[in-house]
Amino acid sequence: MGKEDNSKSLNFIEEIIEHDLKTDKHDGKVLTRFPPEPNGYLHIGHAKSICLNFGLAEKYNGKCNLRFDDTNPLTEEVEYVESIKEDIRWLGFDWEDREYYASDYFDQLYEWAVKIIKKGFAYVDESSADKVAATRGTPTRAGEESPYKNRSVEENLDLFERMKNGEFPDGSKVLRAKIDMASPNMHMRDPVIYRIKHASHHRSGDKWCIYPMYDWAHGQSDYIEGITHSLCTLEFEVHRPLYDWCLDHILDDPEGYRPRQYEFARLNLNYTVMSKRMLLSLVKDAYVNGWDDPRMPTISGLRRRGYTPESIKNFAERVGVAKRENVIDIGLLEYCLREDLNKKAQRILGVINPLKAVIENYPEDKTEELDAVNNPEDESMGTRKIPFSRVLYIEKDDFMEDPPKKFFRLSPGREVRLRYAYFIKCKDVIRSKDGEITELTCTYDPASKGGQSPDGRKVKGTLHWVSAAHAVKAEIRLYDRLFNTEDPYDFEEGRDFTSNLNPDSLKTVTGYIEPFIKDSKAGDKFQFERLGYFCIDPDSAKDKHVINRTVTLKDTWAKISERQG
RNA sequence: UGUCCGAUGGUGUAAUGGUAGCACUGCAGAUUUUGGUUCUGCCUGUCCAGGUUCGAAUCCUGGUCGGACAGCCA
């Protein structure tokens with residue numbers, strides 16, 4: 001029912017597309033593109049855009065191109081190109097052979113620039129960058145015309161060619177579109193469309209020393225590729241008149257095919273930052289351990305953290321597409337993650353904060369293999385054996401000497417169930433000299449094997465546990481949100497966003513995991529019962545298990561106990 | 001004293017002139033060998049003022065509030 005309703009309700013872009021389809025605007029074709037600049041790693045915000053562009057193509061039987069918007073050689077690197085491709089592929093999208101680069105269009109872009117110079121719509125300006133900025137005016141005050149604006153076409157052509165030939169140093173000249181310095185839209189005030197950069201480009205090498213600006217490259221690239229719907233974020237809304245202006249002035253038939261730009265609201269998430277500048281700074285200044293640090297909102301970070309592509313795609317679906325600014329609760333992302341992992345994850349028992357429990361009446365040399373279900377949500381995943389013996393580890397949080405109301409785990413004299421094993425009762429508490437609880441002495445009921453007693457008596461709590469002698473030691477990395485504040489951009493004067501960093505975003509502990517973990521490899525995902533979802537980190541080695549906590553399970557008890565104070 | 005865009009529960013997002021719905025969150029309960037999952041119920045909303053209309057979240061007018069734009073970044 002809900003699903004059916006959803007399929008009927010369209011977002012505003014789908015409405016536009018369906019309308020275009022109905023009116024046969026592009027011969028029934030839909031061609032979108034995802035246009036990243038290779039100057040950083042992709043993040044969850046990009047994932048929304050990827051899912052939108054590729055998703056629309058899938059839905060309307062169209063295609064989506066991958067196009068690197070690589071017009072600025074100073075900031076772009078091959079490393080980023082590679083990571084971007086890997087991330088999109090991992091999300092499950094395929095651009096087939098349509099891997100394009102704006103830099104592949106440099107020749108065409110240059111020709112078009114010459115074309116508009118000839119038509120009198122562009123000029124070479126040799127004002128300094130400061131001068132250009134100073135004469136641009138303000139949003140409420142018109143700019144001033146450049147003294148170079150009225151050069152002859154011949155002079156402009158000559159100068160532009162010499163710019164291309166490398167005769168002038170960086171910053172000495174630019175090519176500007178001749179539009180309107182008094183336009184209320186700042187972007188129409190004779191925008192710079194070419195600048196000189198004697199820099200080597202990751203693809204074109206040293207062929208060029210002039211590079212087109214975004215505004216001169218994007219719409220034209222869309223046109224070259226035959227893009228029907230060019231989707232971008234809201235901040236490009238004010239660029240749209242320029243996007244259209246460029247097309248108007250290069251096309252022989254402006255009434256014929258042309259791409260259209262549509263803008264949607266970018267994704268914002270609380271408790272994290274999405275700006276490339278800030279993410280770069282977190283990496284460069286070593287606040288995190290690289291772009292794929294599991295605390296990063298990058299796709300590679302989420303992947304390493306243990307997120308699944310499905311959970312991210314589902315998230316993108318749920319946040320929707322609209323033009324209204326939004327801040328999504330990180331809780332929704334985590335909900336989508338748990339929803340997916342709950343269906344798929346192998347369950348195992350692992351203890352993160354161990355407390356030794358000795359079963360007094362269990363034979364010292366005995367070991368039993370007990371049956372455990374691999375995934376209660378998916379019977380086909382089968383069962384496995386877990387070793388049980390006299391000395392166990394249980395979770396420290398599962399024992400309280402003086403429990404408050406509603407605590408139904410272990411405490412002196414109380415009986416609980418060990419999952420898949422036996423009922424046990426706590427008899428004694430052993431302490432160190434400084435009073436810390438170091439060990440519990442318990443007894444078990446041999447008749448309760450498997451977790452049920454023949455007399456039908458009930459216990460309220462079920463605890464996870466491992467057999468100390470059989471457990472596998474592991475380094476467990478407990479991650480928490482990277483920032484303490486919902487809005488990390490909101491920081492005190494004189495400080496910066498890093499003042500909002502959560503100092504406890506990573507805690508490393510030693511845990512004990514049931515032997516099943518031995519055969520796992522990097523990327524494998526598990527639910528440690530009652531604790532959360534975990535995955536094997538690539539830092540793992542043959543003799544060293546490193547495990548990331550992806551996300552905790554929903555914890556009703558934590559909520560209750562917090563409320564009780 | 002600019003141009004453009006936006007405004008629906010706590011957060012997102014539908015309703016396209018005809019009963020304001022869905023998801024997440026929160027709260028209450030049922031089930032449960034994970035205080036997980038699942039299931040049930042409940043709370044909470046159309047920025048304001050006029051107008052058009054039998055009827056307005058939707059159309060019109062005027063406000064208010066929020067955002068984007070002054071890189072030789074994208």
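In this text, all values refer to a predicted model and were calculated from it rather than measured experimentally. For the numbers below, each heavy atom of this structure counts, side chains included, while hydrogens, waters and symmetry mates do not. Letters A, B, ... mirror the listed sequences (proteins, then strands); counts begin at 1.
B:A20 is unpaired under the criterion used here, namely a Watson-Crick or G-U wobble arrangement in which both key atom distances are under 3.5 Å. Look at B:C4: its Watson-Crick or wobble partner, with both distances under 3.5 angstrom, is B:G67. Using Watson-Crick or G-U wobble geometry with both donor-acceptor distances under 3.5 Å, B:A28 finds its partner in B:U40. Across the strands present, B:G9 finds no partner; the criterion is a Watson-Crick or G-U wobble pair with both atom distances under 3.5 angstrom. The nucleotide B:G35 finds no pairing partner, because no Watson-Crick or G-U wobble arrangement with both distances shorter than 3.5 Å includes it. Pair assignment for B:G45: none, as no Watson-Crick or G-U wobble contacts are both less than 3.5 Å. Across all strands shown, nothing is found opposite B:A57 as a Watson-Crick or G-U wobble partner with both distances under 3.5 Å.
When distances run from any side-chain atom of A:N11 to the nucleotides B:C27, B:A14, B:A23, the shortest one goes to B:A14. Among the nucleotides B:C27, B:G12, B:A74, the one closest to the side chain of A:T71 is B:A74. Which of B:G6, B:C72, B:A70 sits closest to the side chain of A:T138 comes down to B:A70. In this structure, the nucleotide among B:G71, B:A70, B:G6 sitting nearest to the side chain of A:R324 is B:G6. Of the listed nucleotides (B:G12, B:A7, B:A74), B:G12 has the atom at the smallest distance from the side chain of A:I328. Residue A:D69 places its side chain closer to B:A74 than to any other of B:C27, B:A74, B:A14. In this structure, of B:A28, B:G2, B:A74, it is B:A74 that holds the atom nearest to the side chain of A:E37.
Across B:C22 and B:U31, the matching P atoms stand 26 Å from one another, rounded to whole Å. Taking atom P in both B:A74 and B:C69, the straight-line distance is 15 Å, to the nearest Å. Look at the P atom in both B:C4 and B:C47: the space between them is 22 Å, to the nearest Å. Remark: the separation of the C1' atoms in B:A56 and B:A20 is 12 Å, to the nearest Å. Straight-line distance between the C1' atoms of B:C27 and B:U64: roughly 34 Å, to the nearest whole Å. Taking atom C1' on both nucleotides, B:G45 is separated from B:U40 by 24 Å, rounded to a whole Å. Comparing the P positions of B:U46 and B:U8 gives an interatomic distance of 10 Å, to the nearest angstrom. Using P as the reference atom, B:C59 and B:A7 are 10 Å apart when rounded to the nearest Å.
Counting to the nearest Å, the P atom of B:U3 and the CZ atom of A:R240 are 17 Å from each other. When the C1' atom of B:C24 is taken as reference, atom CG of A:L267 falls 14 Å away, rounded to whole Å. Rounded to an integer number of Å, the gap from A:L231 CG to B:A74 P is 20 Å. Computed from coordinates, the A:K323 NZ to B:G67 C1' distance equals 12 Å when rounded to whole Å. If you take CD of A:E325 and C1' of B:U8, they are 17 Å apart, rounded to a whole angstrom. When the C1' atom of B:C24 is taken as reference, atom CG of A:N270 falls 12 Å away, rounded to whole Å. For the pair A:L269 CG and B:C24 P, the interatomic distance rounds to 17 Å; values are reported in whole Å. In this structure, the CG atom of A:N185 is 12 Å from the C1' atom of B:C5, given to the nearest Å.
Base engagement by A:V174 is indicated by at least one non-hydrogen atom pair under 4.0 Å involving a base atom. Residue A:R563 is classed as a sugar-phosphate contact, given heavy-atom separations below 4.0 Å to backbone atoms only. Within 4.0 Å of A:S127, counting heavy atoms only, lies at least one base atom of the nucleic acid. Within the nucleic acid shown, A:Y211 has no heavy atom closer than 4.0 Å to any nucleic acid atom. No engagement by A:M188 is indicated, since no non-hydrogen atom pair under 4.0 Å with the nucleic acid exists. Residue A:G331 is out of contact with every strand shown, counting any heavy-atom pair closer than 4.0 Å. No contact: A:K173 has no heavy atom under 4.0 Å from any strand. At a threshold of 4.0 angstrom between heavy atoms, the contacts of A:V373 with the nucleic acid are absent. The residue A:V321 sits close only to the backbone: its heavy atoms come under 4.0 Å of sugar-phosphate atoms, none of a base. Looking at heavy-atom distances under 4.0 Å, A:T233 makes no contact with the nucleic acid at all. Counting any heavy atom pair closer than 4.0 Å across all strands shown, A:N72 reaches sugar-phosphate atoms only and no base atom. Across all strands shown, A:Y194 has no heavy atoms under 4.0 Å from either base or sugar-phosphate atoms. Counting any heavy atom pair closer than 4.0 Å across all strands shown, A:A129 reaches a base atom.
Side-chain N/O atoms of A:K131 include none lying less than 4.0 angstrom from OP1 or OP2 on B:C72. Within the structure, every side-chain polar atom (N or O) of A:R318 is placed at least 4.0 Å from both OP1 and OP2 of B:U11. Listed pair A:R141 / B:C69 fails the phosphate criterion, with no side-chain N or O lying under 4.0 Å from OP1 or OP2.
Residue side chain A:H239 reaches the base of B:A74 through a donor-acceptor N/O pair under 3.5 Å, judged by distance alone.
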Step-by-step salt bridge (Lys or Arg N to Asp or Glu O under 4.0 Å) determination, A:R203 to A:E76: CA-CA 10 Å; A:R203 296 207 104 215; A:E76 296 153 6; over 6 Å; no

Worked check of salt bridge (Lys or Arg N to Asp or Glu O under 4.0 Å) between A:R67 and A:D222: CA-CA 9 Å; A:R67 179 168 76 232; A:D222 286 339; 2.6 Å; yes

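You'll find the side chain of A:K173 stays beyond 4.5 Å of the side chain of A:R162, heavy atoms only. The closest side-chain heavy-atom distance from A:H218 to A:C232 is not below 4.5 Å.
For A:F408 and A:W557, the ring centers are positioned 6.0 Å apart or more.
Counted by atom type alone, A:Y110 and A:E161 present zero donor-acceptor pairs between their side chains at under 3.5 Å.
For B:G71, the O4'-C1' to base torsion is within 90° of 0; the nucleotide is therefore syn.
Mapped onto RNA chain B by nearest heavy atom, A:L418 and A:D125 fall at different nucleotides, with A:L418 at the one closer to the 5' end.
Salt bridge annotation for A:R457-A:D445: present, with a cationic side-chain nitrogen under 4.0 angstrom from a carboxylate oxygen. In summary, A:K385 and A:D371 engage in a salt bridge, as defined by a charged side-chain N under 4.0 Å from a carboxylate O. Ion pairing of A:R260 with A:D20 is absent here, as no side-chain N (NZ or NE/NH1/NH2) approaches a carboxylate O to less than 4.0 Å. The pair A:E14-A:K59 counts as a salt bridge, with a side-chain nitrogen and a carboxylate oxygen less than 4.0 angstrom apart.
Screening A:F106, A:Y211, A:Y123, A:F160 for a ring-ring contact (aromatic ring centres under 6.0 Å, His included) involving A:Y194 leaves a single residue, A:F160.
By the 30° and 60° cut-offs, the orientation of the rings of A:H239 relative to A:H187 is tilted.
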For nucleotides 34-42 of chain B, 5' to 3', base contacts (B), sugar-phosphate-only contacts (S) and non-contacts (-) with protein non-hydrogen atoms under 4.0 Å give BBBS-----

